[in-house]
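Okay, so here's the structure we're looking at.
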2 protein chains.
Amino acid sequence: MKKKTTIYDIAQELNVTVSTVSRALSGFPAISDATRKAVLEVAKKLNYSPNKLASALKSGKTYIIGVIVPSVQAQFFASIIHSIEDGLKDSGYRIILYQSNESIDNEINGVKTLLEAQVDGIIASLSLETSVFEHFNEIIKQNKPLILFDRVHESLNVPTVTLDDFEAGYQATKHLIKQGYKKIAFVTTEHQIKIFDDRLKGYRSALSKHRLACAEDHVIFGDLSISAGQKGAERLMNSENTPDAIIAGDDFTALGVIKKLKEMGKTPPQIGVIGFANETFSDYITPSLSTIDQHPNKMGTACAEMFLKMIRQENPYKNTDHIVLSPTLVVRESTSNTK
Amino acid sequence: MKKKTTIYDIAQELNVTVSTVSRALSGFPAISDATRKAVLEVAKKLNYSPNKLASALKSGKTYIIGVIVPSVQAQFFASIIHSIEDGLKDSGYRIILYQSNESIDNEINGVKTLLEAQVDGIIASLSLETSVFEHFNEIIKQNKPLILFDRVHESLNVPTVTLDDFEAGYQATKHLIKQGYKKIAFVTTEHQIKIFDDRLKGYRSALSKHRLACAEDHVIFGDLSISAGQKGAERLMNSENTPDAIIAGDDFTALGVIKKLKEMGKTPPQIGVIGFANETFSDYITPSLSTIDQHPNKMGTACAEMFLKMIRQENPYKNTDHIVLSPTLVVRESTSNTK
DNA sequence: TTGAAAGCGCTAACAT
DNA sequence: ATGTTAGCGCTTTCAA
């Protein structure tokens, strides 16, 4: 196997120096058209392909950015990554993917690993386990853009892209109230994550605004999953204080809730059910699931734009924006109360 | 901002040379324990973080591999990427993601871009548009591992990981026949992709084996999508030769088929419907969708293992394996014929 | 407009 | 066991 063509080979072929070749290749203005054309020609002839590594080592810019998410298997994160990659591609940036799998150790290792790879910045969403944040400080110390999205934390003073989760919780609750439901329960996660807290606050706020009591045994803290939804629904419906509607922490949990309610002969909208995320399946289950759309693609696009903005500034943290997207209520059968 | 610590800083601090530091850091055996310990200590004290770029430039190995998929927004590819990343993480490999969005131009650009980034290898699944393959040859020429999965093509003589798609088509058809359906239609893509061809062949083979005619107007070539499923079902059910079962090219298409059939009052399993991929939603729609599971996580794991095997050989293409996974029939309500 | 040369941070062959 | 040194391929300052 013959060695790869470098700018030295091109220089030799043309009897010029590497600096000339480098300039011709990088569109440097003070170069004669003839030289540039000749270089481009020879480059093509020799099948030259630039070694971005060498360029990166010298310039300190790799044009690679790291993305840390819990798991790309969740539709929500997949969509965000899709949009981030798409939004950054044209600017020459590529993405290294790192999945934390909801583990803080993985997340810490991810940051370390990405920094060693000399990424130009990191876009991340916290794992459920994350309650310390020192590992992110090194990114900031290196003056590289760090953007947090969706699962953020205020102890990190960096730009963020989030949904208005208070509003999301509020809207979901208000919608149920408008539909005539009066005893509204909430099945959520036990983890202290801001977005889930905010939704709960929105829920409580909507209740009190409409002068409805918030029974503490109507808030169930556990997992977010189909089985957690089933368990939660069972517990709620077997208590002495049964709700007439259930808000689930995400669509999967809502799915579990619906399954259990159907089993119990309380098929929604008899008991109202609403979720969060607008997963693909939500429109196609029976009854179809009302939910709050979190606009993952918009979120990804916003992350990409924010990154590009930050990278252009000498100090990426000059003014740390906080983009907050508005949730959208999607009304379907599971909350279409008719009584 | 102070400059980053390099091995030179460590060497200076200890009055040794960089080679000593390099050796201590990389676990070279012929080093005194005392020196190694001292180096490690100072490295920690100075908050040293290795620059993998420099190491990569020198050694020619980046420990980064490129993954090209149509879109990470499809659950199938997301799962594969999840497993590839997971399977390679412990060996120190990271993943650069590149989405072709089903465009051949993007795919070509992806290969180019990844090679410039000096990836150690590429794992890819072809776009629907791909009908030329020269862009992949450069990878092979550079003696770097190229692995194709799922959407492969025989004109590329590289290792592959695929599902037995003939078997998948055969099983789906046989299952419908066993359930008593006799006039089985197929809604598939118009693109000339091997996996879809194979499924069609499996379908035809199963029909002829069971002495059922294969009406040519029962095979609809178009898109794969919810709306394509609706259109396909409509066309089939409005023809003079209506089928009593429909195989859809993927679960999304099957979803469209089901929607249309329900509208027409022919709710499955009255008309049998089966899809491919076992998407998350398939178990939760009504009626729940029978489908063929393609085992994306197994496929991703197999890709990761195959990559590790290839990278260890001096000639990665010494023996090009073709791993073929068996599909699994998942029976649900949409094919539970009871007549 | 072009050339010469230093170096980005690390590795490894060769020498001691 | 440790040191010396020549690069990996490119960018960029300074000089011509």
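All values below were derived from every heavy atom in this structure, side-chain atoms included, with hydrogens, water molecules and symmetry-related copies excluded. Numbered from 1 within each chain, the chains take letters A, B, ... in sequence-line order.
If you measure from atom CG of A/Asn51 to atom C1' of D/dT11, you get 13 Å, rounded to the nearest angstrom. Atom CD in B/Gln118 sits about 9 Å away from atom P in D/dC10, given to the nearest Å. Note: OH (B/Tyr48) to P (C/dG9) measures 10 Å, nearest angstrom. As a whole-Å value, the separation of A/Lys61 NZ from C/dG9 P is 16 Å. Here C/dT2 presents its P atom at 10 Å from CG of A/Asp33, a figure rounded to the nearest Å. For A/Leu25 and D/dG9, the CG to P distance is 15 Å, given to the nearest whole Å. Residue A/Leu53 contributes atom CG, which lies 15 Å from atom C1' of D/dG7 at whole-angstrom precision. Residue B/Lys52 contributes atom NZ, which lies 14 Å from atom C1' of C/dT11 at whole-angstrom precision.
Seen from the ring of A/Tyr63, A/Lys61 counts as a face-on cation partner, given the 6.0 Å and 45° thresholds. Within the cation-pi definition used here (under 6.0 Å to the ring centroid, within 45° of the axis), B/Lys4 does not qualify as a partner of B/Tyr48.
Close to C/dC10, at under 4.0 Å from its OP1 or OP2, lies no side-chain N or O of B/Ser22. Using a 4.0 Å cut-off, some side-chain N or O of B/Thr35 falls inside it from OP1 or OP2 of D/dT2.
Using a 4.0 Å heavy-atom cutoff across all strands shown, B/Ile31 reaches sugar-phosphate atoms only and no base atom. If you check every strand for non-hydrogen atoms under 4.0 Å, A/Phe28 touches nothing.
For A/Arg36 against C/dT2, no side-chain N or O and base N or O form a donor-acceptor pair under 3.5 Å. Remark: the B/Lys58 side chain and the D/dG7 base include a donor-acceptor N/O pair separated by less than 3.5 Å.
Judged purely by distance below 3.5 Å, without hydrogens or angles, the side chains of A/Thr17 and A/Ser19 pair a donor atom with an acceptor atom.
Salt-bridge check for B/Glu102 with B/Arg151: passed, with a basic side-chain N closer than 4.0 Å to an acidic carboxylate O.
DNA chain D is contacted by both B/Leu57 and B/Arg23; B/Arg23 maps to the nucleotide lying nearer its 5′ end (nearest heavy atom per residue). When each of B/Thr20 and A/Ser49 is assigned the nucleotide of DNA chain D with its nearest heavy atom, B/Thr20 is the one assigned upstream, toward the 5' end.
B/Asn51 places a side-chain N or O within donor-acceptor distance of the main-chain N or O of B/Leu53, the cut-off being under 3.5 Å.
Of the residues in residues 7-19 of chain A, those lying under 4.0 Å from DNA chain C by heavy-atom distance are A/Asn15, A/Val16, A/Thr17, A/Ser19.
Among residues two or more places apart in sequence or in another chain, the salt bridge (Lys or Arg N to Asp or Glu O under 4.0 Å) test is passed with A/Lys58 by none.
For residues 108-163 of chain A, the pairs satisfying ring-ring contact (aromatic ring centres under 6.0 Å, His included) are A/Phe133-A/His153, with sequence neighbours left out.
The nucleotide whose nearest atom lies closest to any side-chain atom of B/Ser32 is, among D/dT2, C/dG7, C/dT2, D/dT2.
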